[in-house]
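Residue numbers begin at 1 in each chain, while the letters A, B, ... track the order of the sequences. It should be emphasised that the depicted structure is a prediction, and the values quoted were computed from it without experimental measurement.
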Protein chains: 2
Amino acid sequence: MSTDASRLNRMPVYHQLNDRLLELLRGGGYGPGDRFLTEREVAARFGLSRITANKALSGLVAAGHLEFRKGVGSFVRGEALENDLRALVSFTHKAARSGRKPSTRVLACRRLAAGEADVSVRRELDVRDAEVLVYVERLRLADGEPVIFERRHLVAERCGNPGRRDLGSSFYEWLDRVGVRVTGAEQRIRAVAVPPSERRLLQLREGVAVLRVHAVGRAAAPLWVEDTDYRGDRYEFHNVLTDGVPPRPARATLLQPDTDAHLHA
Amino acid sequence: MSTDASRLNRMPVYHQLNDRLLELLRGGGYGPGDRFLTEREVAARFGLSRITANKALSGLVAAGHLEFRKGVGSFVRGEALENDLRALVSFTHKAARSGRKPSTRVLACRRLAAGEADVSVRRELDVRDAEVLVYVERLRLADGEPVIFERRHLVAERCGNPGRRDLGSSFYEWLDRVGVRVTGAEQRIRAVAVPPSERRLLQLREGVAVLRVHAVGRAAAPLWVEDTDYRGDRYEFHNVLTDGVPPRPARATLLQPDTDAHLHA
DNA sequence: GAAACCACGTGGCTAAGCCACAAGATGTCC
DNA sequence: GGACATCTTGTGGCTTAGCCACGTGGTTTC
């Protein structure tokens, strides 16, 4: 590896190695708690020094994907997959994890030119006016109870041109299937009173609030922009702040129907 | 350093070094963009090998505090201080950063035995029934406009025994002053309709929602537990999810009074 | 004045090794 | 047979002593 082209990349070797190991970790059939490659194995397999191997592995440890155990090896962290974007943004995945049966009702689905969409949408998606978008409105249900109402503009081209039928279940599985790898998302979370139009949809009493998440999903370029309302009485976001090293993104949790009053107000 | 007591600690040397460098970074008068110690300087100063120094510095890089520039040195990252817990949880700090004048009204402040408090409070604070708590209700204002209402139980002993007068401005500055270093916090964020009792306080119309953040602040032990309501029309949480390495905790942003409708609903 | 050059310090990376630690296999004693 | 000590093996932690590629700034040259 000492003279090949990879050395000419701008990124340091340990950084490239970090990426390759991450791929391997995700695609190699590793599960939480599994033993990962040792420093020596990595060094041998990629023809690098043990120290470089260690530095790359350390990156995965710092990112929370692995765990070092002295005298034993490197292990896939239990919560590593929860770090996955899928777990952070996929309703289907989250609902299933909390033991409830997810379902979806597609309320609207149409194609439009970006020029017809709101200017803020065009800007956030970074598209020319001629670009084809798909607008879709979906109601997500857990055990038949409506809990999320989402409105989404997606760039057809970049998302594998989904049709109405493709959006009837998990959007993230669809992206997977067509080979689109989501690499990031930005969320803005606000609290709003449920609009009258949604009150019936979400089966809420007047005066109940929802968490409105405005989010942009990205791969190389923006893939979609969404406004999603989470029932205030069924969802909460968790956020752990840590001084020092390993932060975790906030994540939404679906609550059980009877978890209402847990505050001493 | 080869034989002294620090080696007997359970934590690897590079980890301990990481902590010491973090202290140095915070307390050493470093500002964003400043040049930090080089690997060789760290190695020399602490009597360790360059590689161990690099590994500790790498930790700070991974955590977003530093930035490596090959051939130049290690530099303090511009947003490093935003990572600080202070920036994440201190209202005074956030308000000042967004260019608005913070103020505080202490609505209530009394001491009580933990035994008198709600059982959930006792559990979350991990205290015996005899432990003395301080309960405080505060209204936080930005440019005179009420934006946050907070109710907080704090463990008097662990928080430097603050009195009513000490809670009239930033609680985090107070903790600093009495030498308490906050090391972590957990937040649960929900959306609730503003209770009638708070409607007047926050000067909100009926049917407006608030972000209710239930949080526990910790040092070695839990310091306080709080329920804080952020005006839904003035606050939003940001959350950036990244595939791979450097996640950032969600953070609350105070909006300008005229930033109301930014959604294409 | 501008361009080419050079020296120096930096992080990136290697080599070859020893250490402390964890765990399983082996052996020993009762 | 069972309990306990010991050995062996493999792991991550850490060191020494380098060379390399890169950025920067000063110096020289034209």
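- Set against D:dG12, C:dC13, C:dG11, the side chain of A:K70 has D:dG12 as its closest nucleotide.
- A salt bridge links A:R128 and A:E131; the closest N-O separation between the charged side-chain nitrogens and carboxylate oxygens is under 4.0 Å.
- Contact check for B:S58 versus A:K55: side-chain heavy atoms found under the 4.5 Å cut-off.
- Atom-to-atom, CZ of B:F36 to C1' of C:dG9 comes out at 18 Å; the value is rounded to the nearest Å.
- Separating the CG atom of B:L57 from the P atom of C:dG12 is a distance of 10 Å, rounded to the nearest angstrom.
- Note: CZ (A:R69) to P (D:dG12) measures 11 Å, nearest angstrom.
- Across D:dG12, C:dG12, C:dT14, the shortest atom-to-atom separation from the side chain of A:R50 is found for D:dG12.
- Checking C:dC13, D:dT15, D:dG12 against the side-chain heavy atoms of A:E39 singles out D:dG12 as nearest.
- Within 6.0 Å of CD in A:E41 there are more than 12 heavy atoms belonging to other residues, nucleotides or ligands.
- Comparing D:dG13, D:dT16, C:dG11 by their closest approach to the side chain of A:F68 singles out D:dG13.
- Here B:R40 lies in heavy-atom contact (under 4.0 Å) with a base.
- Close to C:dT10, at under 4.0 Å from its OP1 or OP2, lies no side-chain N or O of B:S74.
- Place A:S49 and A:G71 on DNA chain C by their nearest nucleotides, and A:S49 ends up nearer the 5' end.
- Taking side-chain N and O atoms only, A:Y14 has a distance below 4.0 Å to OP1 or OP2 of C:dG12.
- Between B:R218 and B:E186 there is a salt bridge, with a side-chain nitrogen of the basic residue lying less than 4.0 Å from a carboxylate oxygen of the acidic one.
- Counting to the nearest Å, the P atom of C:dT14 and the CG atom of A:N54 are 12 Å from each other.
- Taking atom CZ on B:F75 and atom P on C:dT10, their separation rounds to 11 Å, with Å as the unit.
- The pair B:E39-B:R50 meets the salt-bridge criterion, since a charged nitrogen lies less than 4.0 angstrom from a carboxylate oxygen.
- The distance between atom CZ of B:F46 and atom P of D:dT15, rounded to the nearest whole Å, is 13 Å.
- Between the CZ atom of B:R35 and the P atom of D:dG23 there is a distance of 15 Å, rounded to whole Å.
- At D:dG13, none of the side-chain N or O atoms of B:T52 fall inside 4.0 Å of OP1 or OP2 (strictly under the cut-off).
- The residue A:T38 sits close only to the backbone: its heavy atoms come under 4.0 Å of sugar-phosphate atoms, none of a base.
- Following rounding to the nearest Å, A:L60 (CG) and D:dG12 (C1') show an atom-to-atom distance of 15 Å.
- At the heavy-atom level, B:I51 lies under 4.0 Å from base atoms of the strands shown.
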